[in-house]
Amino acid sequence: MELSRRAGAAREDIRGLTDYFTSMRSMDGRPDVLDLTFGNPHEMPLEGLVAALRTSVEPRTVDWFAYKSSERAPRETVATALAAELGLPFEAEDVQMTQGAFGAIALALRLVGDAGDEVVIPQPAWPCYPSMLRAADMVPVRAALRPDTFGLDVEAIDRAISPRTRIVLVNSPANPTGRVYRRDELEALAAVLEQASSRNGRRVWLLSDEPYRRIRFDGTPFVSPAACYPWTLIDYSYGKVLLAPGQRLGYLALSPTMPPVERESLRAAALPLQLALGWTFPDAVMQYAVPALETVSIDLAELTRKRDRMLAALQGAGYRVTRPEGTFYLWSAAPGGDGDAYAAALAQHGVYVLSGRLFGAPGHFRISLTATMDTVERALPAMLGVAARAGVPTPPA
Ligand SMILES: Cc1ncc(COP(=O)(O)O)c(C=O)c1O
């Protein structure tokens with residue numbers, strides 16, 4: 001039997017990542033493997049998460065495990081929390097509960113996108129976007145971020161927009177760079193999207209991928225694009241802040257500044273579309289747990305310690321690291337200039353990182369700071385050694 005074109009295209013666009021993921025899974029639990037690859041937990045789950053799940057699994061009514069769509073209580077909780085966090089008047093009806101950010105992105109693409117529509121993605125970027133677009137019969141179009149700072153390059157986005165562009169996708173705090181975009185960058189983007197919409201005679205939407213919104217360092221402020229551009233859809237996941245990506249929970253939220261006609265039609269279309277996509281609501285237990293989960297977070301102080309340790313050690317050894325303002329990743333130019341060769345050299349020492357090629361930047365690499373401090377410490381000697389062998393000049397002390 002022949003594969004559908006859609007499935008074939010989705011597979012090709014994500015093959016590098018799925019191959020790597022499978023090979024890392026085959027090494028799970030090996031003590032000699034220092035795994036700095038994916039944002040997975042390396043320590044026992046947060047107690048607050050476990051307590052919330054325990055309480056939520058206990059049935060209190062006959063319909064506890066009946067079909068659940070986007071339930072009223074979690075939507076209200078999310079709307080209230082979002083309003084406080086982003087300073088915008090979200091209502092429960094603006095919030096659609098989904099299976100993580102993955103589910104929310106898939107929903108957003110199909111709410112406003114049609115087959116053949118183009119989606120502009122600033123690069124480097126999370127590797128899953130292109131294959132998710134292919135599975136929706138949509139077309140990824142890459143636009144570069146600023147080469148040194150990885151800030152938004154609004155002119156590059158403008159150049160990437162065509163008459164077929166339907167969505168521009170922005171991810172802040174950004175995976176893999178750790179950048180949090182500033183209000184002036186987002187306002188400049190909003191102006192470009194407004195002009196492009198009038199030029200095209202068709203709305204260009206903004207999809208704001210914000211699963212790392214609550215993981216920020218040094219009090220870095222967060223501005224959602226939803227505050228700058230009314231035609232914004234926000235997707236969120238609890239998987240990052242709870243460090244439990246296997247428990248699928250997230251949402252898609254409409255910017256409350258959206259004109260009422262569009263806001264109403266998206267609100268009304270979401271439920272039938274989620275049904276049509278395969279009942280893509282989160283499980284009942286996850287929805288009951290939302291109020292309790294809103295108050296649980298990974299240990300940001302410990303994460304900051306790991307970031308600071310890694311940052312200082314790598315910068316001291318001459319690495320050109322981007323200082324993360326958010327997320328739990330660290331992004332750096334690869335010593336020697338080739339992310340694949342660098343990752344392979346480290347793997348010889350049992351240290352695993354992701355080559356920047358997976359993110360569209362082959363000269364870089366990414367590490368995940370969800371590894372333990374012990375792993376960070378044990379990985380550093382190999383990282384410093386590989387840099388020294390690549391002839392990276394160390395900065396003066
Ligand atoms: C930028 C970005 N968006 C979306 C997701 C998907 O998140 P989830 O698996 O929690 O749905 C991820 C996960 O790594 C991500 O890094």
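Order of listing sets the numbers, starting from 1, for every ligand and every atom in it.
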Show me the donor-acceptor pairs, under 3.5 Å and distance only, between side chains in residues 384-393 and residues at least two apart or in other chains.
| unit_1 | atom_1 | unit_2 | atom_2 | d |
| --- | --- | --- | --- | --- |
| R389 | NH2 | H349 | NE2 | 3.2 |

Report task. Verify the ring-centre separation between W126 and F102: is it less than 6.0 angstrom? Result ->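 So the answer is yes for these two rings.
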
Query raised in the report: Among side-chain atoms of T372 and D374, is any donor-acceptor pair under 3.5 angstrom?
Result: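 Side-chain D/A pair, T372 to D374: absent.
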
Requested in this report: Report yes if the side chains of R146 and E185 come closer than 4.5 Å at any heavy-atom pair, otherwise no.
Outcome: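 Contact flag for R146/E185 side chains = no.
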
Please list, one pair per line, the donor and acceptor atoms closer than 3.5 Å that link side chains of residues 237-247 to other protein atoms, with sequence neighbours excluded.
| unit_1 | atom_1 | unit_2 | atom_2 | d |
| --- | --- | --- | --- | --- |
| S237 | OG | G239 | N | 2.9 |
| Y238 | OH | E294 | OE2 | 2.7 |
| K240 | NZ | Y212 | OH | 3.3 |

Polar pairs, ligand 1 vs protein, N/O only, below 3.5 Å.
| unit_1 | atom_1 | unit_2 | atom_2 | d |
| --- | --- | --- | --- | --- |
| ligand 1 | 3 (N) | D209 | OD1 | 3.4 |
| ligand 1 | 3 (N) | D209 | OD2 | 2.6 |
| ligand 1 | 9 (O) | R248 | NH1 | 3.1 |
| ligand 1 | 9 (O) | R248 | NH2 | 3.4 |
| ligand 1 | 10 (O) | S237 | OG | 2.5 |
| ligand 1 | 11 (O) | A101 | N | 2.8 |
| ligand 1 | 11 (O) | F102 | N | 2.9 |
| ligand 1 | 11 (O) | R248 | NH2 | 2.8 |
| ligand 1 | 14 (O) | W126 | NE1 | 3.3 |
| ligand 1 | 14 (O) | Y212 | OH | 3.4 |
| ligand 1 | 14 (O) | K240 | NZ | 2.6 |
| ligand 1 | 16 (O) | W126 | NE1 | 3.4 |
| ligand 1 | 16 (O) | N175 | ND2 | 2.8 |
| ligand 1 | 16 (O) | Y212 | OH | 2.6 |

Report task. Considering only Ile, Leu, Val, Met, Phe, Trp and Tyr, and joining two whenever side-chain heavy atoms are under 4.5 Å apart, list the other residues clustered with L271. Result ->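 Besides L271, the hydrophobic cluster comprises Y67, L275, W279, F281, listed by chain and residue number.
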
